[in-house]
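In what follows, a structure is listed as structure tokens, so that the remarks can point back to it.
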Amino acid sequence: MIENRISLAVVASAGVIAGAYLISPAPLVAQEGLPVEIGGLLRTGFRSQPEETGENDGFEVFDAHVSLGGEIGLVFEYFVRGAFDTEDDVLRLLDARLDLSIIPEASIGFGLSRPYFGLEALEDEGDFTFLRRAQVSDAIAPGRQVGVTLFGEALDNRLSYGGGIYNGNGRTLENDDGRFMYAARAQFNTIGPIEFYEDLVIQVGASIAYSEDDAAELGPGLITPLPDAVPLFDPESFASQRFLLGADFYASYRAFSFRGEYLRGEYELADPEPGFEDLTAYGGYLEGGYSLWGALEAVLRYDGFSSTEGDNRDFLVLGLNIYPGYYAKIGLQYAFDLHESVPAPTIAGNQFALVAQVDF
């Protein structure tokens, strides 16, 4: 209840400020020398679901976000983002963070944000290639957490890194058990900031995380029981240890791009079933794309996920993205199930989606 009230207040305030900004002839200023940057994301469209998902075809609002950011003097940068939850019909707080620059190569961030783990898991929804993240990114990568993060760039911006200590119990604004999650990530690319898209860019990254939890909410799709199977634990209230690893790469040259990621999670079971002491989940994706004049992009992705519970899901996804303007995008995608894979929470065989997006 407290979280929902805070979320409503944050997003309502953002809406008022956004309205004032739009009708004001000059940039909105919270105080002298403090411009407020306003952002938003709207993703809506149509999705056709196969019968085995139990969901209906229809038009949907996939994401609706509003954000505020800026600088406070020479000390802090702040960022606040709220979202309308289309499933529960409530407004929720997604990010609330203050960043303090220590030296040019290092900063400290406080508050609610995504922990540094995974490549795709750190992407904003407006940057998604497809409608949703790959199965493994949703299932294994930890979601937003409250904590403190050290992050920065070095070696002429070729090396970027981040790591922190977090409560480990998701977007809840207080620690529920006095235990913590530890997460870290580093990535290195060959040229630093991409200035010319004709350059050959190669990037590699690695991630690690560990936590001990009393009631952590794990990602969707981690446990999708087979028919007549009993889940080994409740993914909405996980009480034990988890150890997560990840490796990823990205390469691009002119109009071609290619990337892939592998994530693995080891989950110790507090009250295991006979014959099971832990659960291992792992998977990844391989994705290739071709861009024509920066206005049209064709993409192909293999999306796979497996676990020691016997849950194996493999899909092939075709996509076409059109960029009619700097802030706009229209996406089409179609998924094929491989090896008669059962539907996952965010993807299924013979699933079609049309997405219209504005991100600013």
Side-chain angles (χ1 to χ4, degrees), residues 1-4 6-7 85 87-88 90 92-96 111-118 121-122 133-149 163-185 207-246 262-283 305-313 342 344-346:
M1 180 66 70
I2 293 175
E3 180 185 344
N4 287 343
I6 294 174
S7 303
D85 191 319
E87 293 184 359
D88 298 331
V90 295
R92 297 189 183 279
L93 181 66
L94 293 184
D95 299 284
L112 173 64
S113 63
R114 296 185 182 92
Y116 276 84
F117 183 91
L122 289 171
R133 293 182 177 92
Q135 297 177 82
V136 71
S137 298
D138 270 342
I140 294 179
R144 287 176 168 88
Q145 308 284 335
V146 178
V148 58
T149 302
I165 304 174
Y166 310 90
N167 287 342
N169 51 294
R171 294 201 308 261
T172 303
L173 302 185
E174 297 179 354
N175 196 342
D176 62 347
D177 59 9
R179 300 179 180 181
F180 298 96
M181 165 182 283
Y182 307 89
R185 170 174 171 77
S207 306
I208 187 170
Y210 173 81
S211 70
E212 295 185 29
D213 306 293
D214 278 353
E217 182 178 354
L218 304 183
L222 180 63
I223 296 293
T224 302
L226 301 176
D228 301 324
V230 178
L232 299 180
F233 58 82
D234 181 3
E236 296 185 358
S237 184
F238 176 71
S240 194
Q241 300 179 14
R242 51 178 164 167
F243 179 64
L244 314 177
L245 287 171
Y262 174 83
L263 299 180
R264 184 181 184 90
E266 302 282 348
Y267 303 86
E268 181 182 283
L269 305 183
D271 187 18
E273 297 289 330
F276 290 95
E277 294 184 357
D278 55 31
L279 172 75
T280 300
Y282 53 92
F305 180 86
S306 300
S307 75
T308 54
E309 196 180 26
D311 189 9
N312 301 295
R313 308 189 296 263
V342 298
T346 57

Open item on the list: Side chains of Asp214 and Arg179, heavy atoms from C-beta outward: is any pair under 4.5 Å?
Closed with: yes
- [ ] Kindly say whether Ala281 contributes a backbone atom to a donor-acceptor pair with the side chain of Ser307 at under 3.5 angstrom?
- [x] no
TODO: Check side-chain hydrogen bond (donor to acceptor under 3.5 Å, both in side chains) between Asp213 and all other residues, then give those that pass, not counting sequence neighbours.
DONE: Ser211, Arg242
Open item on the list: Quick check: closest heavy atoms across Ala344 and Gln135, and the distance to 0.1 Å?
Closed with: CB-OE1, 3.4 Å
Open item on the list: Using only atom types and a distance under 3.5 Å, with no angle test, would you say the side chain of Arg133 pairs donor to acceptor with the backbone of Thr346?
Closed with: no
Task: Student check: side-chain heavy atoms of Phe180 and Asn167 closer than 4.5 Å - done: yes
Task: Interatomic spacing from CZ in Arg264 to CD1 in Ile208 - rounded to 0.5 Å - done: 13.5 Å
TODO: Find out whether Leu244 and Pro142 are in side-chain contact, i.e. whether some heavy atom of one side chain is under 4.5 Å from a heavy atom of the other.
DONE: yes
- [ ] Determine whether Tyr166 and Thr149 make a side-chain contact, defined as any pair of heavy atoms from C-beta on separated by less than 4.5 Å.
- [x] yes
TODO: Drop me the distance from Arg171's CZ to Leu94's CG, to the nearest 0.5 angstrom.
DONE: 5.5 Å
- [ ] Determine whether Phe117 and Leu122 make a side-chain contact, defined as any pair of heavy atoms from C-beta on separated by less than 4.5 Å.
- [x] no
- [ ] Give, for atom CG of Leu173 and atom CG of Leu93, the distance between the pair rounded to the nearest 0.5 Å.
- [x] 6.5 Å
- [ ] Please confirm whether the backbone N or O of Gln241 pairs with a side-chain atom of Glu268, one donor and one acceptor, at under 3.5 Å?
- [x] no
Open item on the list: What's the separation between atom OG in Ser237 and atom CD in Glu217, rounded to the nearest 0.5 Å?
Closed with: 9.5 Å
- [ ] Look at the side chain of Ser113 and the backbone N and O of Asp95, then say whether any donor-acceptor pair between them is shorter than 3.5 Å.
- [x] no
TODO: Could you tell me the separation between the OG atom of Ser137 and the CG atom of Leu263, rounded to the nearest 0.5 Å?
DONE: 5.5 Å
- [ ] Considering non-hydrogen atoms only, spot the tightest contact between Pro115 and Ala183 and give its length.
- [x] CB-CB, 4.2 Å
TODO: Answer yes or no: is there a side-chain heavy-atom contact under 4.5 Å between Val342 and Asp311?
DONE: yes
Open item on the list: I'd like to check Asp138 versus Pro345 (side-chain heavy atoms, cut-off strictly below 4.5 Å). Are they in contact?
Closed with: no
Open item on the list: What verdict does the side-chain contact (heavy atoms from CB on, under 4.5 Å) test give for Leu222 and Phe305, after you've listed the backbone C-alpha separation in whole Å, the side-chain angles of each residue and the deciding distance to 0.1 Å?
Closed with: CA-CA 9 Å; Leu222 180 63; Phe305 180 86; 4.2 Å; yes
Open item on the list: Tell me every residue that passes salt bridge (charged side-chain N to carboxylate O under 4.0 Å, His left out) with Asp176, counting only those two or more places apart in sequence or in another chain.
Closed with: none
TODO: Using only heavy-atom distances, determine whether the side chains of Asn312 and Ser306 contain a donor-acceptor pair under 3.5 Å.
DONE: yes
Task: Closest approach of Glu266 to Thr280 (non-hydrogen atoms, all atoms of both residues) - done: OE1-OG1, 2.7 Å
Task: Phe238: partners by ring-ring contact (aromatic ring centres under 6.0 Å, His included), with sequence neighbours left out - done: Phe233, Tyr267
- [ ] State the CD-CG distance between Gln145 and Asn175, to the nearest 0.5 angstrom.
- [x] 10.0 Å
